[in-house]
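One structure is given below, encoded as C-alpha cells.
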There are 2 protein chains.
Amino acid sequence: MTEALDPTAARRAAILDAATGVFLRYGFKKTSMDDLARAAGLSRQGLYLSFATKEALFKEAVAHLTASVRAASVAALGREDLGVEERLLGAFEAVHGIALGQPGSEHMNELLETAIQLIGPSVGDMERALVSDVARLLRSSGVAARWKEAGISAKDLAEHLDATSYGMKHRVATPAEYRAAMRTAVQIICRGAPG
Amino acid sequence: MTEALDPTAARRAAILDAATGVFLRYGFKKTSMDDLARAAGLSRQGLYLSFATKEALFKEAVAHLTASVRAASVAALGREDLGVEERLLGAFEAVHGIALGQPGSEHMNELLETAIQLIGPSVGDMERALVSDVARLLRSSGVAARWKEAGISAKDLAEHLDATSYGMKHRVATPAEYRAAMRTAVQIICRGAPG
DNA sequence: ACTTGACAACATTGGCTCCGGTTGTAAAGT
DNA sequence: ACTTTACAACCGGAGCCAATGTTGTCAAGT
C-alpha cells in the first residue's frame, strides 16, 4: 500500500523519515534546516520546494512519528503469538521511544511538548488512544474481569499502567530499569486478582 | 517529650519550624534571611545568634523536615485503627508533602534536590527508609506473602508503589488526581493476588 | 538576650550592544 | 527538478555595566 505514490509524495515521505530522526535526536530548536537538508540528502532549498516552512515540516514530521508509534503499539498489542504480559510491555516500550535500545528516543518528550503547544493538544490523542487500546486488551483477555469485583475497571488499570510508565520514563536512568519496573507493574496486573 | 528543653534549644526549634515553612513555600534561593527573620518573629541578627550561616540553618531545617516527614509516614503506617490500604495511602501522602491540601508542599522537590547537592546524598535516606517501611508493612500484614508465588517480593511491591508515587508527583496532577491514582495503585496491591 | 542601624563584599538582575546563526525568499545556473 | 549563491530580516546568545539585593559582621542601644 506504499507503492503507487506519485514521486513528489514519495519524496515528501523520504524527507519526513529523515526529519523525524533528526528532530528526535536533537529536538526542535536545535535542528536547522541545513541539518534537515543534509539528512535528507538534498539542498536547503530543496526542502522549501516540498515544505513551506520549518514549522510545517515539523508538524508533518510529528504526525508521521505519532502515527508510526501508534502503529507500533497497536502491532505490539495485537501479537497473538505472545502472552498478554509481553504484548503490554511491548506496547509501552513502543510509545516510550520507538527503539528503546537505539539512540534516537532522547528528545521524544520535548518534541511532543513543543508539538502540543505548536500544533495543539490533538497530539496527545496518541496517549489516550494507547490507554483505551490497553484497556481493550485487558478486557478481551479476561484480565479486567478478574479485577472488577474489587471495583477497579479496565480503564483504571490501563491508566495506572500509563501513569507508571510516565513515572518510569521521567525517573529512571536506564532503559533496563524502565523495562524492569514496567515488567513488575504488568505482572502485578496480569498475574494478580482480588480475593 | 518536647518539654524540658533549655530555652536556647527551644528557640532554635521555633526558628526551624518557621524556616521549614518558608523554605517549603519559596524554595532555597528565593528566601532571604530577612524573610526567615520575619517568619520567626525576630530580627535578622537574631537568627545569626542561633545559626552561623544561611546554609547551616537550611541544613538543620531540612533535617527537621525530613525527620518530621519520616515520623508522619511511620505514624501513618502504624495506625492500627485503619486498614492496610489507608495506612499506605497516608504514608505516601505524608512524604509527598506534609499537608497535601494546605499550601506549602510546592517546593518540596527542589528543596530536597538542593539539599542533596548541598548536604550530601544522605538526605535521600528518607525515601529509602519509606520503601523498606512499606515493605515491612506489606510483609507483616500478609499482603506480600500472597504475591510471592508470582515471583514478586515485598521490596518489588514497595518500590513499585514508590515509583508510582514519584510519577504522580511529577505529572500534571492535582492533589486529587494524585490521591485517586495512588488509591488505585494501593488497592491493586492490597486487594489483588496471583492466581 | 535581643534590636537597630550601618557596613563591605559579593551575588543577582536588568538592560544594553554586538555578533553569529537561521529563516525564508530570490535570482541565476545546470 | 534541483542546485548554488546571495541577501534582508530576525532571533538568541555572549559580553558588559549599572543597579539592586543579600550575606555576614560590627558597634551601639535597650
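Labels below follow one simple rule: chain letters A, B, ... track the order of the sequence lines, proteins then strands, and each chain is numbered from 1.
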* Asked: Is the shortest side-chain N to carboxylate O distance from E85(A) to R191(A) below 4.0 Å?
  -> yes
* Should we say atom CZ of F28(B) is surrounded by more than 12 heavy atoms from elsewhere, each under 6.0 Å from it? -> yes
* To do: Round to the nearest Å and state the distance from R38(A) atom CZ to dT3(D) atom P.
  => 14 Å
* Structure fact -> Per atom distances to the S32(A) side chain, the nearest of dG24(C), dT22(C), dC2(D) is dT22(C)
* Taking side chain as C-beta onward, heavy atoms only, is V62(B) less than 4.5 Å from I119(B)? -> yes
* To do: Determine whether H160(A) and I189(A) make a side-chain contact, defined as any pair of heavy atoms from C-beta on separated by less than 4.5 Å.
  => yes
* Structure fact -> The nucleotide from dA6(D), dG5(C), dT23(D) with an atom nearest the side chain of Q45(A) is dA6(D)
* Asked: Going by an N to O cut-off under 4.0 Å, is there a salt bridge joining R183(A) and E86(A)?
  -> yes
* Structure fact -> Quick note, R44(B) side chain, CB onward, closest among dT25(D), dT3(D), dC7(D) is dT25(D)
* Separation of D35(B) atom CG from dG21(D) atom P, in whole Å? -> 13 Å
* Asked: Rounding to a whole Å, what distance do you find between K54(B):NZ and dG21(D):P?
  -> 15 Å
* Asked: Rounded to the Å, how far apart are L36(B) CG and dT23(D) C1'?
  -> 12 Å
* Structure fact -> By nearest-heavy-atom nucleotide on DNA chain C, the more 5' of T31(A) and G41(B) is G41(B)
* Length of the line joining M33(B):CE and dA11(C):P, which is rounded to integer Å -> 17 Å
* **Interatomic distance, F51(A) CZ vs dT23(C) C1' [rounded to whole Å]** => 17 Å
* Is there a side-chain polar atom (N or O) of R11(B) under 4.0 Å from OP1 or OP2 of dC2(C)? -> yes
* To do: Measure the distance from CG on D34(A) to P on dG24(C) and round it to the nearest whole Å.
  => 12 Å
* Provide, to the nearest angstrom, the distance between the OH atom belonging to Y48(B) and the C1' atom belonging to dT4(C). => 16 Å
* 5′-ward residue of the pair K29(A)/L42(A) relative to DNA chain D -> L42(A)
